[in-house]
Amino acid sequence: MRIRIEEASAHAGAEVEIRGWLYHKRSSGSIHFLLVRDGSGVIQAVMAKQEVSPSLFAAAADLTQESSLLVRGTVREDSRAPGGHELTVRDLQVVGLADPYPITPKEHGVEFLMDHRHLWLRSRRQHALMRIRAEVIRAATEFLDRHGYLRMDAPILTPAAVEGTTTLFETPYFDLGNAFLTQSGQLYNEAAASAFGRVYCFGPTFRAEKSKTRRHLTEFWMLEPEAAFMELDEYMEVAEAMICAVVGQVLDRRRLDLQEVERNLAALEAVQPPFPRLSYDEALNRLHAAGKPLPWGEDLGGDEETVISSAFQRPVFVHRYPAKCKAFYMQPDRDRPDVVLSADLLAPEGYGEIIGGGQRIHDLQLLQQRLREHHLPEHVYQWYLDLRRYGSVPHCGFGLGIERTVAWIAGIEHVREAIPFPRLMNRLYP
RNA sequence: UCCGCGGUAGCUCAACGGUAGAGCGUCCGGCUGUUAACCGGAGGGUUGUAGGUUCGAAUCCUACCCGCGGAGCCA
């Protein structure tokens, strides 16, 4: 019977076939230990010289790391085996003999591993990270599906900037001039929210910023919910519930993977509602008390975020930023027009911002005024302004950065390991 | 773009003005329970590039290239 390695314990005593690749090999002359992986797990296959033909035994001795093979044998419980079960080999068939494999079971630098990202993905640690990523995405989208949000994706090729500030990737587009790769689906989400009430989009977004930090990619995946008839406080409740659902589901279903990457599980188990909600002004007071004063009106940088977030065991919202720090579409606070109804969520342990969002301007005249203040061409935003002409309502939305969320939940240093093929300022290969 | 660190064998690193080395991987040999197995042997180098100082440069100086970390910006 053909099985996957993750099912091996259910087939103890049975004759099975495993199709996979040679992960590693040890031998003591008359007995080979072949570590075979198939994507679902790793199992030790044991081949004794006496129990197979001499030609098969010799062929196994010549197997190279990552050679693909079919192994047939009996599953046996054995405390000496990594994983608790091993396979007594009866027959083995080589599908493809691998060339000498560049990633050896020793230390390698990040640069070398990134050059071999297409092969690095075969390692245990990367398997754990990719499974955690998949679970984060599944948990977040399932949460939104459960709460009545319709997935309605936004275009990737767009005619203009969503926010005039950040740099965009540009590409020729037939006779219509240049198109830009999207930096956010938000504007389209707002249109969709007026059509369906609650929506979200999920896909890659692009920022042509020359950022070289552990938190930045030029291509990253963002999950962006948007809801009509929603104001700031309710948005924070939704974001909080979603993050708790995501962390809880990863803890529940990907615990072994978290252990593989040596994540401190207690820190994740502390992620429970309610999250602290700090106004920008309160954040400044904390920075002042911590001896890192920041003048009012300045945006929080990486160091400031670390000071704020490390004071708490759980993610923390910072809301009501100065208007000049934020994008043109942010709704001003009616009691204090110099601040806007934004709220960013900072992950603990120094991971920084994983969510940015807030309440959008729903008043036509105010939005037009903001476009002028930001020197944005109004004619490009006519369809966006229409949303304020035809049944405008208070509405909120936010963007969850998938790679930053995965990096935080998995406890890894750099977002580049949180995506299969990272795109960085200096990396477009493989 | 700015600041800091770095580039030596396939990989990870040592040698810091006086003959360029180790571990791992590779290849050959040995070993019937290995756990990044172990033991013996072999092969492997224009020390990022170009110039300079010196009797002598991987080492000191200059320029450039590339990489890493951080800042700004953001998710």
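We name chains A, B, ... by the order of the sequence lines, and we start the count at 1 in each one.
Using P as the reference atom, B:rA57 and B:rC65 are 26 Å apart when rounded to the nearest Å. Taking atom P in both B:rA63 and B:rC24, the straight-line distance is 41 Å, to the nearest Å. Look at the P atom in both B:rG48 and B:rG43: the space between them is 25 Å, to the nearest Å. B:rC16 and B:rC11 have their C1' atoms separated by 23 Å, given to the nearest Å. Using atom C1' as the reference point in both B:rA58 and B:rU1, the two lie 32 Å apart (nearest Å). Taking the C1' atom of each, B:rU26 and B:rG44 are spaced 9 Å apart, rounded to whole Å. Rounded to the nearest Å, the gap between the C1' atom of B:rU54 and that of B:rC60 is 10 Å. Separating the C1' atom of B:rG7 from that of B:rU49 is a span of 11 Å, rounded to the nearest Å.
The residue A:Asp299 sits close only to the backbone: its heavy atoms come under 4.0 Å of sugar-phosphate atoms, none of a base. Using a 4.0 Å heavy-atom cutoff across all strands shown, A:Ser27 reaches at least one base atom of the nucleic acid. Within the nucleic acid shown, A:Arg76 comes within 4.0 Å of at least one base atom, counting heavy atoms only. Using a 4.0 Å heavy-atom cutoff across all strands shown, A:Leu400 reaches no nucleic acid atom at all. As judged by a 4.0 angstrom heavy-atom cut-off over every strand, A:Glu403 is placed among residues making no nucleic acid contact. Residue contacts for A:Gly109: at a heavy-atom cut-off of 4.0 Å it reaches the sugar-phosphate backbone alone, with no base atom in range.
The partner of B:rU53 is absent, by the rule that a Watson-Crick or G-U pair needs both atom distances under 3.5 Å. Base pairing annotation: B:rC38 forms a Watson-Crick or G-U wobble pair with B:rG30, both donor-acceptor distances under 3.5 Å. Nucleotide B:rC16: unpaired (no Watson-Crick or G-U wobble partner with both distances less than 3.5 Å). In this entry B:rC68 has B:rG4 as its Watson-Crick or G-U wobble partner, both defining distances falling under 3.5 Å. Base pairing of B:rC24: its partner is B:rG10, meeting the Watson-Crick or G-U wobble criterion (both donor-acceptor distances under 3.5 Å). In this structure B:rC74 sits in no base pair that meets the Watson-Crick or G-U test at under 3.5 Å.
With distances taken from any side-chain atom of A:Phe112 to the nucleotides B:rU12, B:rA75, B:rC31, the minimum falls on B:rU12. Side chain of A:Arg214, nearest nucleotide from B:rG69, B:rU32, B:rG67: B:rG69.
Between the P atom of B:rG29 and the CG atom of A:Asp62 lies a distance of 9 Å, rounded to the nearest Å. B:rG70 atom P lies 8 Å from atom CD of A:Glu413, rounded to whole Å. In this entry the distance linking CG of A:Asp115 with P of B:rG67 reads 10 Å, nearest Å. To the nearest angstrom, P of B:rG7 lies 19 Å from NE2 of A:His108. In this structure, A:His24 places its NE2 atom 12 Å from C1' of B:rC38, rounding to the nearest Å. Remark: C1' of B:rC73 and CZ of A:Phe169 are 14 Å apart, rounded to the nearest angstrom. Atom CD of A:Gln65 is separated from atom P of B:rC11 by 15 Å (rounded to the nearest Å). In this structure, A:Ile31 atom CD1 and B:rC31 atom P are separated by 14 Å, rounded to whole Å.
For A:Tyr188 and A:Trp383, the distance between ring centers is under 6.0 angstrom. Ring centroids of A:Tyr381 and A:Phe328 are separated by less than 6.0 Å, placing the two rings close together.
Comparing A:Leu345 and A:Gln50 against RNA chain B, the residue whose closest nucleotide sits nearer the 5' end is A:Gln50. Ranked by how close their nearest RNA chain B nucleotide is to the 5' end, A:Asp78 and A:Met425 are led by A:Met425.
One donor-acceptor pair, N or O on each side, does fall under 3.5 Å between the base of B:rC74 and the side chain of A:Arg404. Looking at A:Glu86, its side chain comes within 3.5 Å of the base of B:rG33 through a donor and an acceptor atom.
The stacking criteria are not both satisfied for A:Phe33 over the base of B:rG33, which would need a centre-to-centre distance under 5.5 angstrom and an angle between ring planes under 30 degrees.
An OP1 or OP2 oxygen of B:rG69 is reached within less than 4.0 angstrom by a side-chain nitrogen or oxygen of A:Arg416. Phosphate proximity of B:rG69 to A:His414: present, with a side-chain N or O under 4.0 Å from OP1 or OP2. Distances shown here put a side-chain N or O of A:Ser30 below 4.0 Å from the OP1 or OP2 atom of B:rU32.
Counting non-hydrogen atoms of neighbouring residues, nucleotides and ligands closer than 6.0 angstrom, the CD atom of A:Gln313 reaches no more than 12 such neighbours.
Ring planes of A:Phe206 and A:Phe169: perpendicular class, angle over 60° (limits at 30 and 60°). By the 30° and 60° cut-offs, the orientation of the rings of A:Trp296 relative to A:Tyr280 is perpendicular. A:His116 and A:Phe112 have tilted rings, their planes meeting at an angle from 30° to 60° on a 0 to 90° scale.
Using modelled atom types and a 3.5 Å distance limit, the side chains of A:His32 and A:Ser27 yield a donor-acceptor pair.
Salt-bridge annotation for A:Arg122 and A:Glu66: present, with a side-chain N of the basic residue lying under 4.0 Å from a carboxylate O of the acidic one.
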